[in-house]
Amino acid sequence: MKHFILYGLAAVLIFTMLGRFAAVETVSAAEPSPVPMAVMAKTMVAVSDGEEEPPAEILTGLLQVDMSSMDDMYFKNAFEEELGEGFSIHTMSTSQGRDQMVMFRKMVEKGYRLIVVELYDPDMAEDYIDLAQENGILLIFTGEEPPEDQMARMDDLYYVGFSAGNTMRVLADAIIQGWNNNQSTVEVKDDGRLVYGVFTKDDYEENGNQEALDRYLTGAGIEAEMGRNAITQAYEFNWKKEIDNIFYAGGEIIICDNSSYARQISDYIHDDEEYPEDKYERIRAACIFLTVADEAAQAMVEEGTAVFATGINGGDTGATVARLAKVLLAGERPTAENVGIAPDQNRHIYITNRTVIADRLTVKAVEEESED
C-alpha cells in the first residue's frame, strides 16, 4: 500500500514539473526576443535618420549555347568582370532551342531586367522579342544575327557580333597566302586540288560559308571543295570518328570554330597509336585553321599546332556586351564613348576580328636553284 502512495506522489510531482516547463516554454515563445527588437530599433533609427537602404542587385540573365566552349567561358568571365558589383547574373546553357526558350521564360517570370541570348537559330528571334516586349525587358543578341525585320520591332534590342562573310574572306586570304608561298604547306596530296574539312557547330552548306569560301578560293585560282562537314551539335556526335571521316574524304586542311576541339584534334592526329608518323606523315602535318581567336586559339598558332585564327575573341565580346548592358540599364544611348564601339543605324555592334597567322603560311618557300 505504501508503494502505491509513493508512486502516486511521484506522478503528481512529475506532472507538476512538466506543466511548469510547458508554461515557461509557451510564455517564452510568445514574448519577443530582445535581439530582434534591438535590430528593429536600429533599422528604425537608420530610416528616421534618412539613411538609404542598399540598392537591390539588378537581375541579369545570360543564355549561352555551349559553356564547354573555351570562347564562351572567356565571354562569361569578361561579361561578369566588366559588369562589376550591383548585378546578379544568372547564366544558363543549352544547345536545344526549346530548352533555351524555357530558360528564357523563367528569367522573364523572375523579373530579370536585361537578358543576353546567344542566338543559334535566327527563326527563334521573334519569340524572344515578343516576350521581351510584353514584359519590358532589355534584350541583347549574340551569335547568329536576327532578321532585320525583327530587329526593327524593338528599340531596346541590340546585336553584338561580326559578319560571317568577313571571316570567310579573311580565312580565304590566309589559305591563298599559304598556297602561293608554299603550296605543299596546305596541300597533302600534291594534286593541285585543295580539299578542306569543316569541324564546326554550324552547317557550312546551309549558312552560306561553303559557297563564300569556294568563291574566294576559286577566284584565286585554287581548285577547292569541301570534303566533309562535321557538325559538332549533331546527335551522337563522335569527334574522333569525324576526324577520321574528314581524312577519309580527302581532307587536307581542317577548319574548326572551337579551340577546345582544335586542341583535341591536334593531339589526336599526332598520337603515334592513332596516326603513326611512318604511315601518316602528311596527315600529321595537316593545317588547322580556327575561325575563333580566343586566348587558346592564339596560343595554338604561336606554338605551331594551328596555322591561323580569326574571329571574335570571347573576352572582347563579353566586355563589349557588358558595357552595352550597363548603358541600356542606365537608360542612356549607346555610343562609341560609353560602349567602345558605336552601333550602326540598325543597332548592330560589330567587333573587329582578331587575326593571327603562323609563319608557316606567310614565309615564301625558297626556290631551288636549277643545275646548269
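Counting from 1, the numbers follow the sequence of the chain as shown. Values below: all heavy atoms of this structure, side chains included; hydrogens, waters and symmetry mates excluded.
Applying the side-chain contact (heavy atoms from CB on, under 4.5 Å) test between R284 and each of K279, E274, E277 identifies E277 as the sole match. Of the listed residues (N207, T291, N209, T232), just one forms a side-chain contact (heavy atoms from CB on, under 4.5 Å) with D202, and that residue is N207.
Note: the hydrophobic cluster containing I269 also contains I246 (ILVMFWY, side chain heavy atoms under 4.5 Å, direct or indirect links). In this structure, Y112 is a member of the same hydrophobic cluster as L157, with clusters built from ILVMFWY side-chain heavy atoms closer than 4.5 Å. M107 and M101 fall within the same hydrophobic cluster, where Ile, Leu, Val, Met, Phe, Trp and Tyr residues are linked whenever their side-chain heavy atoms come under 4.5 Å apart, directly or through other members. In terms of hydrophobic clustering, with Ile, Leu, Val, Met, Phe, Trp and Tyr side chains grouped at heavy-atom distances under 4.5 Å, M168 and V356 are assigned to different clusters. I254 and V195 fall into different hydrophobic clusters, where Ile, Leu, Val, Met, Phe, Trp and Tyr are joined by side-chain heavy atoms under 4.5 Å apart, directly or via other members.
Residues N258 and V292 fail the side-chain proximity criterion, which asks for heavy atoms closer than 4.5 Å. The closest side-chain heavy-atom distance from F247 to V188 is not below 4.5 Å. The shortest side-chain heavy-atom distance between R153 and D130 falls under the 4.5 Å cut-off. In this structure, L131 and L139 have side chains that are not in contact, with every pair of non-hydrogen atoms separated by 4.5 Å or more. Within the 4.5 Å cutoff, the side chain of D344 has heavy atoms near those of the Y350 side chain. The shortest distance between side-chain heavy atoms of T185 and V307 does not fall below 4.5 Å. Two residues are said to be in side-chain contact when any heavy atoms from C-beta on lie closer than 4.5 Å; I255 and Y204 meet this criterion. In this structure the side chain of W179 never reaches within 4.5 angstrom of the side chain of L217, judged on heavy atoms.
With R323 contributing its side chain and I341 its backbone, the two residues share no donor-acceptor pair below 3.5 Å. Without hydrogens or angle criteria, E252 side chain to K189 main chain gives a donor-acceptor distance under 3.5 Å. In this structure, Q177 contributes its side chain and N181 its backbone to no donor-acceptor pair below 3.5 Å. The backbone N or O of T167 lies less than 3.5 Å from no partner atom in the side chain of T310, so there is not a single donor-acceptor pair. Side chain of N338 to backbone of R333: a donor-acceptor contact under 3.5 angstrom is found. For E187 (side chain) and G192 (main-chain N/O), a donor-acceptor pair under 3.5 Å exists by modelled atom type.
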ask   = Can you list the steps and then say if E126 with I129 is a side-chain contact (heavy atoms from CB on, under 4.5 Å)?
value = CA-CA 5 Å; E126 182 177 6; I129 294 171; 5.8 Å; no
ask   = Are F87 and K326 close enough, and set up right, to give a side-chain contact (heavy atoms from CB on, under 4.5 Å), and what steps lead you there?
value = CA-CA 10 Å; F87 298 87; K326 288 192 290 186; 3.9 Å; yes
inquiry  = If you apply the rule side-chain contact (heavy atoms from CB on, under 4.5 Å), what do you find for H348 with E148, and how did you get there?
reply    = CA-CA 10 Å; H348 289 67; E148 288 300 329; 3.2 Å; yes
key: Intermediate values then yes/no, salt bridge (charged side-chain N to carboxylate O under 4.0 Å, His left out), R263 and E303   = CA-CA 12 Å; R263 174 66 70 183; E303 69 191 28; 2.4 Å; yes
message = Does Y196 form a side-chain contact (heavy atoms from CB on, under 4.5 Å) with I175? I'd like the steps, not just the answer.
response = CA-CA 11 Å; Y196 59 90; I175 295 173; over 6 Å; no
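In the displayed structure, E81 atom CD is contacted under 6.0 Å by at most 12 heavy atoms of other residues, nucleotides or ligands. Atom CD of E205 has 12 or fewer neighbouring heavy atoms from other residues, nucleotides or ligands inside a 6.0 Å radius. Atom CD of E211 has more than 12 heavy atoms from other residues, nucleotides or ligands within 6.0 Å. For R105, the CZ atom counts as loosely surrounded, since its 6.0 Å shell holds 12 or fewer non-hydrogen atoms of other residues, nucleotides or ligands. For Y248, the OH atom is loosely surrounded, since the number of other residues' heavy atoms within 6.0 Å does not exceed 12.
Each ring-ring contact (aromatic ring centres under 6.0 Å, His included) pair with one or both residues in residues 280-302, not counting sequence neighbours, appears once here: Y275-Y280, F289-F308.
There is a side-chain donor-acceptor pair under 3.5 Å between Y268 and D244.
Taking every heavy atom of both residues into account, A230 and E242 meet most closely at CB-OE1, 3.5 Å. Across L290 and A262, no two heavy atoms sit closer than the pair CD2-CB, 3.5 Å. The minimum heavy-atom distance linking M151 with N346 is given by the pair CE-O, 3.5 Å. In terms of heavy-atom proximity, G318 sits nearest to F75 at N-CD1, 3.4 Å. When all heavy atoms of A358 and V301 are compared, the closest pair comes out as N-CG1, 3.7 Å. A pairwise comparison of heavy atoms in P147 and A125 identifies CD-CB, 4.2 Å as the closest pair.
Summarising the geometry, atom CE belonging to M92 is positioned 11.0 Å from atom CG belonging to L62; distances are rounded to the nearest 0.5 Å. Taken to the nearest 0.5 Å, the CG atom of D214 stands 11.0 Å off from the CD atom of E223. Of the inter-residue distances, the one linking I265 atom CD1 with S260 atom OG reads 10.5 Å to the nearest 0.5 angstrom. The distance from atom OG1 of T91 to atom CD of E80, rounded to the nearest 0.5 Å, is 5.0 Å. Note: R282 CZ to S184 OG = 6.5 Å, rounded to the nearest 0.5 Å. Annotation: the span from E118 atom CD to T317 atom OG1 amounts to 10.0 Å, rounded to 0.5 Å.
Classification of D173 and R169 as a salt-bridged pair holds, one side-chain N sitting under 4.0 Å from a carboxylate O.
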